[in-house]
Amino acid sequence: MNETPASAPPRIEANGLTKRFSGVTVVDGVSFLVEPGQILGLIGPNGAGKTTLFNLMSGVLKPDAGRLVVNGTEATGLPPHRLARLGLVRTFQLARELDKLTVLENVLLAAPANAGETLTGALFRPAATRRDERAATERAREVLALVSLSDHEAKLASNLSGGQKKLLEMARCLMAEADTILLDEIAAGVAPHLVDEIALLIQRLNREHGKTFVIIEHNIGFIRALASRVVVMATGRVLAEGSFAHVSANPAVVESYLGQAA
Ligand SMILES: Nc1ncnc2c1ncn2[C@@H]1O[C@H](COP(=O)(O)OP(=O)(O)OP(=O)(O)O)[C@@H](O)[C@H]1O
């Protein structure tokens with residue numbers, strides 16, 4: 001059930017995004033659309049530029065050329081907290097200081113009112129009202145239930161398994177009220193049963209909550225199972241795009257990537 005109106009603009013419009021490091025072009029004029037309700041897989045060999053592209057899309061890096069439009073709003077060069085306000089959030093490995101907080105506190109800190117504030121400010125500033133705090137806690141608990149971490153809310157984040165930390169990253173995106181979530185290798189290093197749980201969660205958030213996803217992943221089975229559209233990158237450029245069946249039948253994709261990954 002996706003509540004996005006048919007006329008909604010693309011969630012993300014990347015137009016000629018380009019990034020150079022020391023004169024080397026690692027993202028080279030990349031253009032594509034992410035439509036509302038899509039699960040888009042971004043695949044390609046090591047060094048293809050996928051993470052750098054994510055950094056451009058999530059405001060971690062500014063492009064040297066090209067444009068980014070998020071939900072119909074010009075967003076080129078905006079920092080992560082401004083993009084979050086437009087509905088676009090990326091999962092990050094938990095920062096070390098967040099490891100020392102409980103699971104519930106981690107989720108509370110991702111609430112939209114805290115976006116862009118310092119950790120210290122968000123923790124020690126007196127809350128506007130107790131009612132607001134109670135509402136935020138209630139919402140954080142709903143989000144933790146969605147990602148099956150309710151039983152772990154009082155644990156320190158550092159005591160979670162690798163897979164549970166990924167679920168916590170997802171919970172933080174949901175608490176930030178993102179409509180589009182960028183996932184960078186969410187299945188990497190995760191126990192197989194939790195990989196399946198993460199895949200089911202992505203499907204449920206997509207179908208029942210209308211969330212749009214862009215997923216970088218080397219686990220091709222994960223992409224095949226989830227992605228309604230796939231963009232293949234190689235040497236900084238888009239090599240192919242379309243359904244998984246379409247791109248996996250492309251000889252250039254097989255040669256540059258799938259031949260080794262399969
Ligand atoms: N900050 C940086 N400074 C210089 N070069 C960089 C920087 N970040 C990335 N690169 C280079 O840019 C190229 C693309 O890297 P990137 O991490 O975006 O690729 P990727 O497709 O995500 O690879 P992987 O699948 O291995 O994660 C690589 O050659 C990398 O060494």
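Start at 1 and go down the list; that is how both ligands and their atoms are numbered.
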Say whether, by atom type as modelled, one donor and one acceptor occur between the side chain of Thr212 and the main chain of Gly37 under 3.5 angstrom.
yes

Starting from atom 24 (P) of ligand 1, locate the nearest protein heavy atom and write down its residue, its atom name and how far away it is, to 0.1 Å.
Asn46 ND2, 3.7 Å

Ligand-side contact atoms (ligand 1) for residue partner Pro45, heavy atom cut-off under 4.0 Å
21 (O)

Got the closest protein heavy atom to atom 17 (O) of ligand 1, with its distance?
Thr51 CB, 3.7 Å

Atom 18 (O) of ligand 1 [closest protein heavy-atom partner, distance rounded to 0.1 Å]:
Thr52 OG1, 2.6 Å

Does Gly16 offer a backbone N or O that forms a donor-acceptor pair with the side chain of Ser31 under 3.5 Å?
yes

Below 4.0 Å, non-hydrogen atoms only: which portion of Ser22 touches ligand 1? Side chain, backbone, both or neither.
neither

Specify the protein heavy atom at minimum distance from atom 23 (O) of ligand 1: its residue, its atom name, and the distance to 0.1 Å.
Gly47 N, 2.9 Å

Go through the steps for Lys50 and Glu185 under the test side chain to side chain contact (heavy atoms under 4.5 Å, CB included), then give the verdict.
CA-CA 11 Å; Lys50 305 178 299 292; Glu185 298 202 34; 5.6 Å; no

Say whether, by atom type as modelled, one donor and one acceptor occur between the side chain of Gln38 and the main chain of Ser228 under 3.5 angstrom.
no

Answer side chain, backbone, both or neither: which part of His218 comes under 4.0 Å from ligand 1, heavy atoms only.
side chain

Enumerated ligand 1 atoms positioned under 4.0 Å from heavy atoms of Ala48:
19 (O), 20 (P), 21 (O)

Taking both backbone and side-chain atoms of Phe21, is any N or O found less than 3.5 Å from an N or O belonging to ligand 1?
no

Short side-chain to backbone donor-acceptor contact, Asn219 and Ala187, under 3.5 Å
no

I need the nearest protein heavy-atom contact for atom 19 (O) of ligand 1: residue, atom name and distance, please.
Gly49 N, 3.2 Å

In the structure I gave you, are the side-chain heavy atoms of His209 and Leu146 within less than 4.5 Å of one another anywhere?
yes

Ignoring hydrogens, tell whether any protein atom lies closer than 4.0 Å to atom 30 (C) of ligand 1; use the non-hydrogen atoms only.
no

Does the distance from a Lys or Arg side-chain N to an Asp or Glu carboxylate O, for Glu138 and Arg141, drop under 4.0 Å?
no

List the closest protein heavy-atom neighbour of atom 11 (C) of ligand 1: residue, atom name, distance to the nearest 0.1 Å.
Val26 CG1, 4.0 Å

Could you go through the side chain to side chain contact (heavy atoms under 4.5 Å, CB included) check for Glu177 and Val89 one step at a time?
CA-CA 9 Å; Glu177 294 175 10; Val89 170; over 6 Å; no

